[in-house]
Asks: 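Starting off with a structure, shown below.
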Protein chains: 2
Amino acid sequence: MTTEPRSAATVRPPGTVRPAGVATAAAGAEPPPAPGLRERKKAARRAALVDATHELVGAHGLDGVTVDMVCAAAGVSTRTFFNYFATKDDAVLGHAPWELDAGTAAVFAAGGPSGHLLDDLVTLLAPVLRDPPLGRDRMRRALELAAEHPRLMAHHVAWMDQQKDRLLDVVRSRLGDGSPHLVDTVTGLVLLLAHSTFVRWEAAGGAGDAEAHARAVVADLRAVVTA
Amino acid sequence: MTTEPRSAATVRPPGTVRPAGVATAAAGAEPPPAPGLRERKKAARRAALVDATHELVGAHGLDGVTVDMVCAAAGVSTRTFFNYFATKDDAVLGHAPWELDAGTAAVFAAGGPSGHLLDDLVTLLAPVLRDPPLGRDRMRRALELAAEHPRLMAHHVAWMDQQKDRLLDVVRSRLGDGSPHLVDTVTGLVLLLAHSTFVRWEAAGGAGDAEAHARAVVADLRAVVTA
DNA sequence: CTGCAACTTTGCAGTCAATGCAGTTTTCGC
DNA sequence: GCGAAAACTGCATTGACTGCAAAGTTGCAG
């Protein structure tokens with residue numbers, strides 16, 4: 001590292017804080033295997049880069065910021081930036097790797113928990129929406145920016161589209177291999193669901209439970225389709 | 001122009017061919033105002049650029065082709081290329097300006113023709129799907145490429161998302177200003193519809209009527225949502 | 001706490017997409 | 001034909017992004 005560490009994301013020791021509450025209701029849940037220093041540093045850096053980007057964009061506007069500026073601010077080489085993000089815009093949007101909870105996914109694949117496809121989709125997505133990989137605040141800022149800049153929104157949509165594969169697998173296990181088109185359409189529907197939820201959530205100023213917004217979207221969909 | 005004209009898209013004189021049939025059922029329809037030379041040349045060039053791009057990509061792969069190569073092949077300056085397409089990928093995808101048929105749009109906005117939102121959406125989109133601005137073949141090739149290259153598909157989705165505004169207006173006039181979220185969700189649904197239709201159409205090898213595929217998608221949606 | 005293997009970061013050189021500008025050429029409407 | 005508007009072109013420049021090989025870190029035995 002070059003000079004001083006970034007303020008924002010200090011590397012905290014492993015199994016400490018735990019967000020104060022709730023043992024996630026459901027079953028099992030082996031304690032997240034306390035990632036090593038390497039992992040934590042990586043996450044911190046990613047977050048720091050996103051933060052630096054957001055600050056600079058706030059100050060100079062989206063196109064007034066160059067990757068080099070961000071790197072300077074975050075104390076990282078340009079080359080490294082691209083080890084973390086494929087694109088400048090990815091940093092703005094805070095796109096980070098994410099996982100579907102394995103347990104929930106299994107339940108979904110088996111046709112549960114409610115048996116209603118759309119409802120179960122919401123259940124499936126809720127955890128990710130509830131705490132996104134980089135935290136709500138960063139996501140919130142990213143969405144605000146996306147709402148302002150069409151290019152970003154487009155990029156975001158595109159990114160979501162690329163995440164489809166993850167979902168495709170799960171949906172396929174639930175629906176079976178018989179109807180590939182159906183699977184595809186459903187997956188698209190999931191994206192729409194996620195997107196609309198984001199938008200509403202953001203429009204509400206980030207208030208309320210993401211899941212609630214998702215349910216509202218589902219209600220709308222039902223109304224429209226059956227009308 | 002530098003040397004020789006491109007083979008593919010010759011500039012044809014104005015009010016000639018007319019696709020042999022059907023006076024578009026509905027009312028009025030002033031004959032398309034026979035665009036002047038300028039317009040025709042522009043369209044031809046756009047098409048030529050897309051063709052050149054497709055050929056080169058076929059020969060060298062998506063990333064083996066530079067904008068300069070395309071320009072050389074099409075006999076156009078690099079600078080001009082970017083007067084036609086905002087992006088290299090836009091050329092690959094053959095993104096061109098398009099219009100919603102004013103008459104059909106009006107009918108839709110008024111709640112017609114069938115009164116069922118989804119069905120009417122299909123009716124609304126059918127003309128554009130049926131003859132896309134640059135012709136089916138080019139669209140077909142573009143979709144094939146998009147299916148191969150995730151980046152392109154992403155770009156395409158993003159592009160469609162940017163076209164939303166056009167639709168947003170129409171959907172809003174139909175649904176009223178009361179429920180902005182609903183409008184937004186419906187518009188997303190339209191995109192999903194268009195996209196899924198494309199995909200199926202492409203998967204079918206470009207065979208059959210796009211509208212038929214669209215109706216199939218709608219059927220799937222109904223099944224899923226009401227299940 | 002030593003040492004090796006695996007993983008990251010970094011600097012550098014290079015490619016190429018994309019844009020602004022200013023001067024020419026082409027088309028339009030009369 | 002003729003002037004105005006629109007399109008095309010070359011050029012110079014910026015900045016995103018990549019490959020590579022040389023350091024620097026971390027993980028994990030021994």
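Every chain is numbered from 1 and lettered A, B, ... according to where its sequence line falls, protein lines coming before strand lines. Note that the structure is predicted; figures quoted are calculated from it, not measured.
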Asks: In whole angstroms, how far is the C1' atom of C:dC16 from the NZ atom of B:K88?
Replies: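 One finds 8 Å between C1' of C:dC16 and NZ of B:K88, rounded.
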
Asks: What's the shortest heavy-atom distance between A:A142 and A:H54, and which atoms?
Replies: N-CE1, 4.0 Å

Asks: With the criterion being N/O to N/O and under 3.5 Å, what pairs connect the protein with nucleotides 28-30 of chain D, and how long is each?
Replies:
none

Asks: If I take atom CZ in residue B:R79 and atom P in nucleotide C:dG23, what distance separates them, rounded to the nearest angstrom?
Replies: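 For the pair B:R79 CZ and C:dG23 P, the rounded distance is 16 Å.
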
Asks: Nearest whole Å is fine: how far is C:dT10 P from A:L49 CG?
Replies: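 From A:L49 CG to C:dT10 P: 10 Å.
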
Asks: Could you walk me through whether B:F82 and B:T78 pass the side chain to side chain contact (heavy atoms under 4.5 Å, CB included) test, one step at a time?
Replies: CA-CA 7 Å; B:F82 288 104; B:T78 312; 4.2 Å; yes

Asks: Could you check A:T80 against A:Y84 for side chain to side chain contact (heavy atoms under 4.5 Å, CB included), going step by step and ending with a plain yes or no?
Replies: CA-CA 7 Å; A:T80 296; A:Y84 281 86; 3.6 Å; yes

Asks: Which of these, B:V50, B:V65, B:V57, sits in a side-chain contact (heavy atoms from CB on, under 4.5 Å) with B:V70?
Replies: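 So the option named by the test is B:V65.
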
Asks: Counting only side-chain nitrogens and oxygens, does B:R40 get under 4.0 Å of the OP1 or OP2 atom of C:dT27?
Replies: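 No, outside the criterion.
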
Asks: Please give, in whole Å, the distance from C:dA6 P to A:N83 CG?
Replies: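 It is 19 Å, rounded to the nearest whole Å.
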
Asks: Side chains of A:T87 and A:H95, heavy atoms from C-beta outward: is any pair under 4.5 Å?
Replies: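 In short, these two side chains do not touch, never coming nearer than 4.5 Å.
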
Asks: In plain terms, say whether B:D169 and B:R172 are close enough for a salt bridge, that is, a side-chain N and a carboxylate O under 4.0 Å apart.
Replies: yes

Asks: Among D:dT9, D:dA16, C:dT10, which nucleotide sits nearest the side chain of B:S77?
Replies: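 Looking only at heavy atoms from C-beta outward on B:S77, the closest nucleotide is D:dT9.
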
Asks: To the nearest 10°, give me the bend of the helix from C:dC1-D:dG30 to C:dC30-D:dG1, comparing the axes of its five terminal pairs at either end.
Replies: 40°

Asks: Give B:T80 one of three labels, base, sugar-phosphate or nothing, depending on what nucleic acid heavy atoms sit under 4.0 Å from its own.
Replies: base

Asks: For A:R151 and C:dT19, give me the distance from atom CZ to atom P, rounded to whole Å.
Replies: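 For the pair A:R151 CZ and C:dT19 P, the rounded distance is 10 Å.
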
Asks: Write down the distance between CZ (B:F81) and C1' (D:dT9), rounded to a whole number of angstrom.
Replies: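 Those two atoms, CZ and C1', are 16 Å apart.
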
Asks: D:dA7, OP1 or OP2 - any side-chain N/O from B:K41 closer than 4.0 Å?
Replies: no

Asks: Without decimals, in angstroms, what is the distance between B:Y84 OH and D:dA6 P?
Replies: 15 Å

Asks: Rounded to the nearest Å, what distance is computed from the CZ atom of residue A:R38 to the C1' atom of nucleotide C:dC7?
Replies: 4 Å

Asks: Taking the side chain of B:V67 as heavy atoms from C-beta outward, which of C:dA17, D:dT9, D:dT26 is closest to it?
Replies: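 Nearest nucleotide to the side chain: C:dA17.
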
Asks: Would you please test B:M139 and B:L134 for side chain to side chain contact (heavy atoms under 4.5 Å, CB included) and show each step?
Replies: CA-CA 7 Å; B:M139 178 160 122; B:L134 263 54; over 6 Å; no

Asks: Take the angle between the ring planes of A:H156 and A:W159 and call it parallel below 30°, perpendicular above 60°, tilted in between.
Replies: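 If you compare the ring of A:H156 with that of A:W159, the planes turn out parallel.
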
Asks: At under 4.0 Å between heavy atoms, what does A:T87 touch on the DNA or RNA strands: base, sugar-phosphate, or nothing?
Replies: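 If one applies the 4.0 Å heavy-atom cut-off, A:T87 turns out to touch the sugar-phosphate alone, with no base involved.
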
Asks: Report yes if some heavy atom in the side chain of B:T185 is under 4.5 Å from a heavy atom in the side chain of A:V217; otherwise report no.
Replies: yes

